Amino acid sequence: MSIYDTLNNKQREAVQQVDGPLLLLAGAGSGKTKTIVYRICYLMEHECVQPYNILAITFTNKAAGEMKERVANLVGVGSPVWVSTFHSLCVRILRRHIELLGYDPGFTIYDADDQKSLMKNIIKRLDIDTKMFKEKTLLGAISNAKEKLVDVNEYELSVRGDRYRGVCARAYREYQDTLVKNCAVDFDDLIFLCVKLFKEHPEVLDMYQERFKFIMVDEYQDTNYAQFELVRLLADRYRNLCVVGDDDQSIYAFRGADIRNILNFEVHYPEAKVIKLEQNYRSTGNILNAANGVIANNETRKDKALWTDREDGKKIRFSRLDSAYDEADFVVEDILRTKRENGLNYSDFAILYRTNAQSRVFEEMFVRDGVPYNLVAGTAFYDRQEIRDMMAYLKAVANPNDEISLRRIINVPKRGIGQASLSKVEDYAELHDISLFEAFKNAGDIMGLGKTAAKILQFSFFMERLRGLSEMVGVDELLKTLIDECEYEEYLKENFEDKYEDKIQNVYELVAKAQQYSENEEPSLLGFLEDVSLVSGSDSDEYGEDRVTLLTVHSAKGLEFKNVYLCGMEEGIFPGNMTIDSDEPDGMEEERRLAYVAITRAMDRLVITCAKSRQIRGQSNFFPVSRFVREIPEEYLESKLPRGYRDSAEEFVKQDLRKKVSFVKSVPPTAPFIAKQTRDLNMLMGIKKGGDIKAKPDYNVGDRVKHIKFGVGTVLDIVDDERDYKITVDFDSVGNKVVYAAFAKLQKV
DNA sequence: TTTTACTTCGTTTTT
DNA sequence: CGAAGTAAAA
């Protein structure tokens, strides 16, 4: 009896298929990780592959850690197989060779927050119109470019007179120049620069191709073009590349993941073997069938169907409540009852929702009823202000060129160095072509600083001292000295009256983490910073306690729970209005995959809820039931959906609008349409909590205006209707339409 | 320089 | 409705 006997036929086939490219399509809950782990072991045991010739790439540290542990358990402790995330793999390679690209090997990694600050500075420096361009947009454009391996020069060439993209190009150049000056790289750079390194220095690539004779990539459906290219280069010599993924679980396209990487794998590698893992070991038949029913509505997908030999189990419970409040109440009650009746733990339950904002109501209820819960939230440990402050100090100590971190801490705690003084120092630095920190050291020579010069000097001495210290002591000691000498605790006490205790505690938690890190074989400040930068908040291990888990569907990927509550299943929330309004269908398919991921998290029981009306941004709106609920075949539901699944208010909405809005006639009342009409009616009837004042349009009869769907047209008439201004527009493309000002949001052109 | 009052603007986010 | 960011006052 060998360990491989515990695999099913398909899994075993995948494990033993070691030569050449292999596409492993692994459905949800099909034993994917087990298969990868066993395959690694099989390579070593049966194919005599040296562990250091194997590379396994994952997306999260959590997945990497789990894989490492399971391999170690199978073959004995500490195997030298490289199991790492894309990003940490690239950092390791870049630390060794980045000098070839003209960077300092002690580079800092900028996270999303650093990027934002940097972009803000650039917008100011380049005097970019903040009405037209927000840092988020520009960073998005840059990130997009880097994900597609488009460098600054290529980007500039591609602009071709487009004014909008021209601004992006200017921002991209300035952004990249500043990164180099600051000795810093962003997340996208890690991949981008690694590919660049391989392309420009074949001798380096050669070395890694020889080293990584067998490569495996997990969650392949989430790779972007840069990652695809990185893998392609590394695997190009031996072509022993095994990619594992599920196109139906691709939910990160909005971040650049390119589903075509997995869909076209056989095109890139014609000799590839394809193995499908379709047996699901997680969910009951009803849950699985429901998921299959929903995902079947997607056009662009690999043909496959999950099956299970588990029992049918409980049917899916669907309940539509009046409000978000009632929904939360219902869910909490249902959890408590189910837990009691079946002798379950709190940790057997999870609440899934589309957006983080939806967690609040549930939290309130849990607090009210004293139910222990764990919120997998956006604001993770390392995103906390006080932690970011400390990290900025450490970053600035490690890399004096890191302006972003320096600016963050120059006046934290308050030293009386404000914007005005900082600007003077910046001008001086620019004039003399020196770094910000060098300028700090020359503060005495800068005109007009007055008394602040001494303060700046003092700060620079302090940083120098920490820098010296960092070479003598561990990160934990360094942190303690830092906290002590800049009187950070006192600063927190003075500035955050009721929250300072938490913050101080967090700071000492960081010290504890630093202590823990210092026990590594080769601790270094750089290493600690790296560890922190590349670890996301959501995979910090806060498990152990018996709690209900609250999380977004995105962060639920890869997890499973006995009981899943999928909440807020409303047309307009999930799928969101953004997706419904968009006219390209890819977004809706991704949204549907997200629904599929959500459903397949459930092992034994799935409860779906939604609210008829919920407050969005302070105003209450009606919502129809999500199309994804309606796509579940009724036989898997506990009870049939109410006929028409629309309540009278919505029926009214529909009829009312048929009379009022002319274009209603020609369009069949599909779900997204009704969602739209619902929103429209909310506007009309003024179903708003807050003071509802209709805004007078900023255009007049005769003006040219732009509509999001209909394009440009001329305003023919403006009528001051009861609730809103009724606008008649002659659109160039579709002719006369009557629209409501608040809803149509016409832009004067 | 720092505090305060007022506007603006809102998905999802593995690293 | 709130967070977060900006403009005027202390």
Side-chain angles (χ1 to χ4, degrees), chain A residues 57-64 84-91 109-112 115-116 120 124 130-131 134-136 139-140 143 147 185-191 218-219 221-224 226-227 249-257 324 352-358 360-361 376-380 382-383 385 411 414-422 450-452 455 495 530-539 551-559 568 572-582 587 590-591 593-595 597-598 614-620 688-691:
Chain A
I57 307 176
T58 63
F59 270 85
T60 66
N61 293 292
K62 199 175 167 190
S84 95
T85 65
F86 268 104
H87 295 267
S88 55
L89 168 74
C90 290
V91 172
I109 301 163
Y110 277 177
D111 61 28
Q115 286 179 282
K116 225 172 115 190
K120 256 191 196 151
K124 260 198 216 126
T130 49
K131 285 273 179 297
K134 285 169 291 178
E135 67 257 26
K136 227 174 124 192
L139 283 170
S143 179
E147 276 158 3
V185 301
D186 63 22
F187 282 128
D188 296 315
D189 276 339
L190 292 174
I191 318 287
D218 192 15
E219 305 283 12
Q221 75 282 353
D222 291 333
T223 51
N224 60 34
Q227 288 160 338
Q249 292 187 72
S250 162
I251 55 173
Y252 285 102
F254 71 94
R255 276 196 57 174
L352 272 58
Y353 36 80
R354 178 67 238 266
T355 68
N356 279 120
Q358 289 167 255
R360 271 175 73 150
V361 204
V376 182
T379 316
Y382 293 107
D383 282 337
Q385 166 182 203
N411 206 26
K414 297 207 169 67
R415 299 187 171 87
I417 306 170
Q419 189 50 56
S421 306
L422 190 59
K451 273 194 263 176
T452 36
K455 293 175 185 162
N495 290 280
E530 211 164 278
D531 264 27
V532 172
S533 308
L534 300 179
V535 164
S536 85
S538 56
D539 58 24
L551 73 183
T552 62
V553 182
H554 277 95
S555 36
K557 196 173 84 161
L559 306 177
I573 302 286
F574 191 1
N577 279 325
M578 295 277 249
T579 315
I580 296 169
D581 292 344
S582 156
E590 172 140 326
E591 207 81 352
R593 291 193 290 270
L594 198 54
V597 168
R614 112 177 22 239
Q615 311 254 113
I616 298 287
R617 303 208 266 272
Q619 59 178 273
S620 88
K688 289 178 187 176
K689 274 273 167 81

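On a predicted model such as this, the values are computed, not experimentally measured, just so you know. Sequence lines set the chain letters: A, B, ... in the order given, protein chains first and strands last, and positions in each chain run from 1.
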Distance check needed: [N] [atom2] versus [X] [atom1], whole Å only.
X	N	atom1	atom2	answer
A:L594	B:dT14	CG	P	13 Å
A:M578	B:dG10	CE	C1'	9 Å
A:D188	B:dT14	CG	P	14 Å
A:H554	B:dT12	NE2	C1'	4 Å
A:I573	B:dG10	CD1	P	17 Å
A:D222	B:dT12	CG	P	18 Å
A:R360	C:dG2	CZ	C1'	7 Å
A:I616	C:dG2	CD1	C1'	14 Å

Under 4.0 angstrom between [X] side-chain N/O and [N] OP1 or OP2:
X	N	result
A:K134	B:dG10	yes
A:T552	B:dT13	yes
A:R617	C:dA3	no

Indicate, with a heavy-atom threshold strictly under 4.0 Å, whether [X] touches base, sugar-phosphate, or nothing.
X	value
A:A112	nothing
A:R593	nothing
A:T58	nothing

Checklist entry - Taking the same atom, P, in C:dA4 and in B:dT13, what whole-Å distance lies between them? => result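 One P to the other, the span is 16 Å.
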
Check: protein-nucleotides 2-4 of chain B nitrogen or oxygen pairs below 3.5 Å:
unit_1, atom_1, unit_2, atom_2, d
B:dT2, OP2, A:N411, ND2, 3.2

Checklist entry - Nearest to the side chain of A:T355 - B:dT13, B:dT11, B:dT1? => result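 Closest nucleotide among those given: B:dT11.
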
Checklist entry - What nucleotide among B:dT1, B:dT13, C:dG5 has an atom nearest to a side-chain atom of A:K116? => result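 It is C:dG5.
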
Item to check | Pairwise 5' ranking along DNA chain B for A:A357 and A:H87, keeping only the more 5' one | outcome: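 Here A:A357 is the residue nearer the 5' end.
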
Next on the checklist: Using heavy-atom distances to pick each residue's nearest nucleotide on DNA chain B, tell me which of A:F254 and A:K131 is more 5'.
Outcome noted: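 Its nucleotide being nearer the 5' end, the pick is A:K131.
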
Next on the checklist: Could you identify the nucleotide paired to B:dT13, looking across every strand shown and requiring Watson-Crick or G-U wobble geometry with both distances under 3.5 Å?
Outcome noted: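 B:dT13 is unpaired by these criteria.
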
Next on the checklist: Looking only at side-chain N and O atoms, does A:T355 offer a donor or acceptor that is under 3.5 Å from a partner on A:Q358?
Outcome noted: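 Their side chains do contain a donor-acceptor pair, which is all the 3.5 Å distance test asks for.
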
Checklist entry - With no hydrogens and no angle check, do the side chains of A:S88 and A:T85 hold a donor and an acceptor under 3.5 Å apart? => result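 Yes, a side-chain donor-acceptor pair sits under 3.5 Å.
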
